[in-house]
Amino acid sequence: MKGAREAIVGPVIVTNDAVVSGHAVVVREGRVEGVVPIGSLSSDLSVRDLGPGILTAGLIDIHTHGAGGKGFNDGDIEGNRVALSAYLQAGVTTVLPTLGAAPLDDMIAGIEAIDALRAQPGLPRVPGTHLEGPFFAPAQRGAQDISALRQFNTRSVDRVLSYSDAISMISYAPELGGAVAFTERLVGKGIVAAAGHSDGRDVDLWACQRAGLSHVIHVFSGQSSTVRVGPWRMPGMLEATLASDDLTVEMIADGKHLPLTLMKIAIRCLEGRLCLVSDSTPGAGMPDGSTYRMGASEFMVEDGVGVTMDRSAFGGSTTLISEMLPIAVQVQNSLPALLAMVTSIPARAARLEDVGQIAPGFHADFVLFNEDLTVQATGLAGEWFS
């Protein structure tokens, strides 16, 4: 009913800086109206009692390739629907579906298939696509298809940016020739410029940062490190990322890509700017021994992570972002700070203005967690899924 208001009660509420009990979230027409003491609720409000648990803003994953056997690189609208539905069940209410490096025709088809579901009811919000490639350094490609990697050239860049309205983020190697000019074009189009799969030096990152680059994908993964040139130590992308003051940075917290020691270093260096991403693949939700494809490459699920068939590199994670929280809590034991890493910080990284917080005017997107940080139910614009 137009103008209807509802009070959500029962669980403790996690805001950006506190855990609040004895309060209710008031929702009106799919937006948060406020967080108020339960004793102050007016009698005209309907009440939804969720019972005990932890209520937070809906989770945001800005780097994910698929789930449930379906990947976004396939360019299959119905397959995309399956993957997006899996995210919603796992507490993810906003997603940047991510395409790995592939021939440009295939990447364009992938963008179009994602764009077809951006406004579909009953699916997470899809602000746009994240292109992870194809402008990467071969030496830091990881599981990216080396045959699909490209240098910047006018034709390729113009073709990709002709879809700028459907793209939220592009990650690329800052040391490639033309990277600064590419950064400037992305900023002019309102696309987040992100560094990744790079074999460059700190000066390469700084040059693109001055041009507007604001984000770095999966810290410690696909990043060059310090080298010596004669007696001189030359910092790489990793050191430049950890030493940065303003960049937002993402981390894969599946307990496989990074040991806890490296996760702890990233949190200490980047607290308040570090977000978690799943980097999940079609292998998410599939048992060990399963195989899956992303573009031209085949991978398998082994020991709870995706690996190349020769086991020489990871092939993305098989863990959805909500499943990473019980792992990440081992290195970030502040509940508000931990949950900010999957809500408000990725929202800031992707420049999303009305998701990622339980605050007046924001979308009424929620996750209800059990005490062990497993998902009990998901709320999207006032509709609940469990």
Contacts of Arg150 meeting salt bridge (charged side-chain N to carboxylate O under 4.0 Å, His left out) (sequence neighbours excluded), chain-then-number -> none
inquiry  = side chain to side chain contact (heavy atoms under 4.5 Å, CB included) for Thr64 and Ile321? Distances and angles first, verdict last.
reply    = CA-CA 9 Å; Thr64 173; Ile321 197 167; over 6 Å; no
Just checking, any donor-acceptor pair under 3.5 angstrom between side chains of Thr183 and Tyr172? yes
Answer yes or no: is there a side-chain heavy-atom contact under 4.5 Å between Arg201 and Val227? yes
Side chain to side chain donor-acceptor pair (under 3.5 Å) pairs touching residues 229-244, sequence neighbours excluded, are Gln223-Thr241, Ser225-Glu239, Thr226-Glu239, Ser244-Arg273
* To do: Indicate the ring-plane relationship of Phe152 and Phe182, choosing parallel, tilted or perpendicular according to the 30° and 60° boundaries.
  => tilted
CZ of Phe366 to CG of Leu55, rounded to nearest 0.5 Å, is 6.0 Å
- Task: Please step through side chain to side chain contact (heavy atoms under 4.5 Å, CB included) for the pair Arg228 and Met234, ending with a clear verdict.
- Result: CA-CA 6 Å; Arg228 283 185 59 172; Met234 309 294 288; over 6 Å; no
- Message: Is it the case that the side chain of Glu323 and the backbone of Leu320 share a donor-acceptor pair, with hydrogens and angles ignored and the cut-off at 3.5 Å?
- Response: yes
So CG of Leu338 and CG of Leu373: to nearest 0.5 Å the spacing works out to 6.5 Å
Exactly one of Arg268, Glu271, Lys264 clears side chain to side chain donor-acceptor pair (under 3.5 Å) with Gln332, and that residue is Glu271
inquiry  = Does any part of the side chain of Ile8, heavy atoms only, come nearer than 4.5 Å to the side chain of Val47, both counted from C-beta?
reply    = no
Nearest heavy-atom approach of Pro52 to Leu368 is O-CD1, 4.4 Å
Tell me whether Ser280 contacts the main-chain N or O of Ala284 through its side chain, where contact means a donor paired with an acceptor under 3.5 Å. no
>> Do Thr154 and Asp158 pair up side chain to side chain, a donor and an acceptor below 3.5 Å, judged on atom types alone?
In response: no
Margin query: When you measure from the side chain of Tyr292 to the backbone of Val301, do you find a donor-acceptor pair of N or O atoms at a distance under 3.5 Å?
Written below: no
Notebook entry, point to check: What's the verdict on side chain to side chain donor-acceptor pair (under 3.5 Å) for His130 and Ser171, showing C-alpha distance, side-chain angles and the deciding distance?
Noted result: CA-CA 8 Å; His130 174 182; Ser171 44; 3.0 Å; yes
- Distance only, no hydrogens: is a donor on one side chain within 3.5 Å (strictly under) of an acceptor on the other, for His257 and Ser317? no
Quick one, Asp106 and Leu99 - any side-chain contact, counting heavy atoms below 4.5 Å?
no
> Is Ile167 close to Ile111 at the side-chain level, that is, under 4.5 Å between some pair of heavy atoms?
Replying inline: yes
Ile13 and Ile358 have their tightest heavy-atom pair at CG2-CD1, 3.9 Å
Hey, quick one: are Leu186 and Leu104 part of the same hydrophobic cluster, counting side-chain heavy atoms closer than 4.5 Å, chains of contacts allowed? yes
Steps toward side chain to side chain contact (heavy atoms under 4.5 Å, CB included) verdict (Met263, Gln330): CA-CA 10 Å; Met263 290 171 60; Gln330 298 175 71; over 6 Å; no
Separation between CD1 (Ile77) and CD (Glu112), nearest 0.5 Å, reads 9.0 Å
Regarding Thr248 and His215, do their side chains bring together a donor and an acceptor under 3.5 Å, going by distance alone? yes
Value for CZ (Arg210) from CG (Leu205), rounded to nearest 0.5 Å, stands at 10.0 Å
Quick one: do Ile217 and Ile60 end up in the same hydrophobic cluster if we chain Ile, Leu, Val, Met, Phe, Trp and Tyr together by side-chain heavy atoms under 4.5 Å apart?
no
(Q) Run the salt bridge (Lys or Arg N to Asp or Glu O under 4.0 Å) test on Asp365 and Arg125 for me, step by step, so that the C-alpha distance in whole Å, both residues' side-chain angles and the decisive distance to 0.1 Å come before the verdict. (A) CA-CA 10 Å; Asp365 299 343; Arg125 301 180 193 282; 2.7 Å; yes
Min side-chain heavy-atom separation Thr94-Pro127 under 4.5 Å | yes
Check: When you check the gap from the basic side-chain N to the acidic O, do Arg141 and Asp199 get nearer than 4.0 Å?
Finding: no
So CD1 of Ile267 and CG of Leu262: to nearest 0.5 Å the spacing works out to 11.5 Å
Smallest heavy-atom separation, Leu88 atom then Gly122 atom, equals CD2-O, 3.4 Å
Look at the side chain of Thr374 and the backbone N and O of Asn370, then say whether any donor-acceptor pair between them is shorter than 3.5 Å.
no
Which of His218, Met341, Met324 passes side-chain contact (heavy atoms from CB on, under 4.5 Å) with Met251? It is Met341
Residue set satisfying side-chain contact (heavy atoms from CB on, under 4.5 Å) with Ala101, at least two apart, ordered chain then number -> Pro134, Gln144, Ala148, Leu149
All heavy atoms of Pro282 vs all of Arg293, minimum pair found to be CG-O, 3.8 Å
Could you tell me whether a side-chain N or O of Ser156 sits under 3.5 Å from a main-chain N or O of Asn153, the two making a donor and an acceptor? no
Rounded to the nearest 0.5 angstrom, the CG-CD1 distance for Asp279 and Ile252 is 4.0 Å
_Donor on one side chain, acceptor on other, Glu250 and His63, under 3.5 Å_ = yes
Test Ile191 against Ser164 for side chain to side chain contact (heavy atoms under 4.5 Å, CB included), laying out the working first.
CA-CA 7 Å; Ile191 297 171; Ser164 61; 3.8 Å; yes
- Message: Assess whether a salt bridge exists between Glu33 and Arg5, defined as any Lys/Arg side-chain N lying under 4.0 Å from an Asp/Glu carboxylate O.
- Response: yes
Taking every heavy atom of Ala90 against every heavy atom of Ser322, the minimum-distance pair comes out as O-OG, 2.7 Å
Tightest non-hydrogen contact, residues Met107 and Gly133, listed as CE-O, 3.6 Å
message: Would the distance check show the side chain of Thr56 and the main-chain N or O of Val367 forming a donor-acceptor pair, the cut-off being under 3.5 Å?
response: no
Practice item. Group every Ile, Leu, Val, Met, Phe, Trp and Tyr by side-chain heavy-atom contacts under 4.5 Å, then state whether Leu59 and Val25 land in the same group. Key: no
Any non-hydrogen side-chain atom of Tyr163 less than 4.5 Å from a side-chain atom of Thr129? no
Chi angles and distances behind the side chain to side chain donor-acceptor pair (under 3.5 Å) call for Ser224, Gln140: CA-CA 7 Å; Ser224 58; Gln140 292 290 346; 5.4 Å; no
Below 4.0 angstrom, N of the basic side chain to O of the carboxylate: do Asp354 and Arg31 qualify?
yes
Determine whether a donor-acceptor pair (N or O, by modelled atom type, separation under 3.5 Å) exists between the side chain of Gln89 and the backbone of Ala86. no
### Donor-acceptor contact present, side-chain Lys256 to main-chain Asp303, <3.5 Å
yes
Check: Do Arg118 and Asp115 sit within salt-bridge range, that is, some charged N less than 4.0 Å from a carboxylate O?
Finding: yes
Any donor-acceptor N/O pair, Asp145 side chain to Ser147 backbone, under 3.5 Å:
yes
Worksheet item: Does one hydrophobic cluster hold both Trp384 and Val14, with members joined at side-chain heavy-atom distances below 4.5 Å?
Response: no
